[in-house]
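Only one structure is covered here, and it is reproduced in the block below.
Positions are given from 1, in the same order as the sequence printed here. Because the structure is predicted, anything quoted here is derived from the model rather than measured.
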Amino acid sequence: MADARHLIAITPEQPVADEGCKIEALLRAGWYRVHLRHPDASRVEMRDLIESVSQRYHDRLVLHGHFDLTCDFNLGGLHLNHRCPTAPALYSGPLSRSCHSIDEIAEADSMSYVTLSPIFDSISKSGYQAAFTPDTLSSLDKCEIPVIALGGISPEHFPMLDCYRFSGHAMLGAIPWEGTCEQVADFASHCVVCNISHYNQ
């Protein structure tokens with residue numbers, strides 16, 4: 001029996017109503033991590049978002065910016081990207097990184113995991129289209145660190161992604177961030193059931 005893959009949520013570019021409640025709903029359902037993206041958020045706004053989430057879930061939150069907030073909270077890691085490509089000098093916690101090619105993965109051997117995108121046409125970014133062939137994705141077998149599929153991912157894609165050596169699925173556009181907390185909770189639970197039921201077959 002194969003293990004179910006990690007489920008990772010990425011917050012949208014702009015904050016949404018009741019965001020802390022929605023983040024908690026995802027984590028309460030059993031998702032592995034929630035990445036706090038918000039590239040335009042100020043340090044104060046990011047602090048407020050973290051504080052809106054129950055402290056019991058802080059170690060499953062990952063920052064995409066304002067890395068110095070790791071001094072104030074027990075967070076789940078930092079995600080390196082084009083805006084923030086390096087971790088603070090004294091940081092020793094988990095790191096992840098955005099990758100857009102197999103070669104980039106090979107250069108990220110010190111990461112806890114990497115995201116690889118776009119696997120499918122993006123739901124949240126217009127014109128951001130799938131960039132990998134089946135042959136390219138088959139080369140993931142040679143990767144030595146966990147690779148998370150990102151880009152256009154929805155629960156319907158879980159079975160086809162099982163053909164490749166992905167360690168998890170990251171979602172942004174498929175998550176009903178603009179909906180209610182209850183809608184996010186229902187979606188989160190549905191994804192967990194799909195993930196577990198598929199890999200228990």
Side-chain angles (χ1 to χ4, degrees), residues 2-16 19 22-23 25-27 29-40 60-62 64-65 79-83 96-106 108 111-141 143 145-179 183-199 201:
D3 294 331
R5 307 302 192 241
H6 287 314
L7 293 175
I8 295 176
I10 301 175
T11 60
E13 183 172 353
Q14 299 299 324
V16 296
E19 192 163 1
K22 294 168 184 176
I23 290 170
L26 290 156
L27 296 172
W31 287 46
Y32 177 62
R33 292 284 188 274
V34 174
H35 283 222
L36 307 182
R37 183 167 163 248
H38 299 327
D40 298 324
R60 291 157 68 190
L61 301 177
V62 177
H64 280 219
H79 186 77
L80 307 183
N81 50 66
H82 72 280
R83 290 186 301 108
S96 56
R97 175 180 161 184
S98 297
C99 291
H100 305 286
S101 72
I102 302 300
D103 289 342
E104 283 187 291
I105 296 174
M111 301 293 113
S112 298
Y113 60 87
V114 299
T115 60
L116 181 66
S117 66
I119 303 302
F120 301 104
D121 292 351
S122 176
I123 298 170
S124 61
K125 295 181 181 179
S126 178
Y128 196 50
Q129 297 180 320
F132 302 96
T133 66
D135 284 346
T136 302
L137 294 179
S138 293
S139 67
L140 291 174
D141 290 341
C143 296
I145 62 172
V147 180
I148 308 297
L150 172 64
I153 308 296
S154 65
E156 291 74 22
H157 293 123
F158 291 177
M160 67 183 76
L161 290 172
D162 192 32
C163 297
Y164 308 105
R165 189 183 169 274
F166 285 111
S167 297
H169 314 119
M171 285 179 266
L172 194 170
I175 300 171
W177 287 111
E178 297 293 342
Q183 287 172 322
V184 172
D186 288 345
F187 177 82
S189 297
H190 170 67
C191 289
V192 169
V193 170
C194 290
N195 199 28
I196 293 174
S197 62
H198 172 62
Y199 292 107
Q201 291 178 358

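- Residues Q14 and D40 meet the side-chain proximity criterion, which asks for heavy atoms closer than 4.5 Å.
- Summarising the geometry, atom CH2 belonging to W177 is positioned 14.5 Å from atom CD belonging to E13; distances are rounded to the nearest 0.5 Å.
- The main-chain N or O of T136 is found under 3.5 Å from a side-chain atom of S139 such that the two form a donor-acceptor pair.
- You'll find the side chain of Y113 reaches within 4.5 Å of the side chain of I8, heavy atoms only.
- Side-chain atoms of H6 and S167 form no donor-acceptor pair, as typed in the model, at a separation below 3.5 Å.
- For the atom pair CZ (F166) and CG (L150), the distance works out to 10.0 Å, reported to the nearest 0.5 Å.
- Contact annotation: the side chain of I175 never approaches that of K22 to less than 4.5 Å [non-hydrogen atoms, C-beta and beyond].
- Residues S154 and F120 form no side-chain contact, since every pair of their non-hydrogen atoms from C-beta on lies 4.5 Å or further apart.
- Within the 4.5 Å cutoff, the side chain of S98 has no heavy atoms near those of the H82 side chain.
- The side chain to side chain contact (heavy atoms under 4.5 Å, CB included) test with I10 singles out one residue from H35, R33, H79, and that residue is H35.
- N195 contributes a side-chain N or O that, together with a main-chain N or O of R5, makes up a donor-acceptor pair within less than 3.5 Å.
- Going from atom NE2 of H169 over to atom CD1 of I119 covers 10.5 Å, rounded to the nearest 0.5 Å.
- Judged by distance alone, the side chain of R60 and the main-chain N or O of L27 form a donor-acceptor pair under 3.5 Å.
- With rounding to the nearest 0.5 angstrom, the CD1 atom of I153 is 11.5 Å from the CG atom of L172.
- Looking only at side-chain heavy atoms (C-beta outward), L116 and L140 come within less than 4.5 Å of each other.
- L7 places none of its side-chain heavy atoms less than 4.5 Å from the side chain of L26.
- Within 6.0 Å of CD in E178 there are 12 or fewer heavy atoms belonging to other residues, nucleotides or ligands.
- Within the 4.5 Å cutoff, side-chain heavy atoms of L80 are placed close to those of M111.
- In terms of modelled atom types and a separation under 3.5 Å, the side chain of H157 and the main chain of G152 share a donor-acceptor contact.
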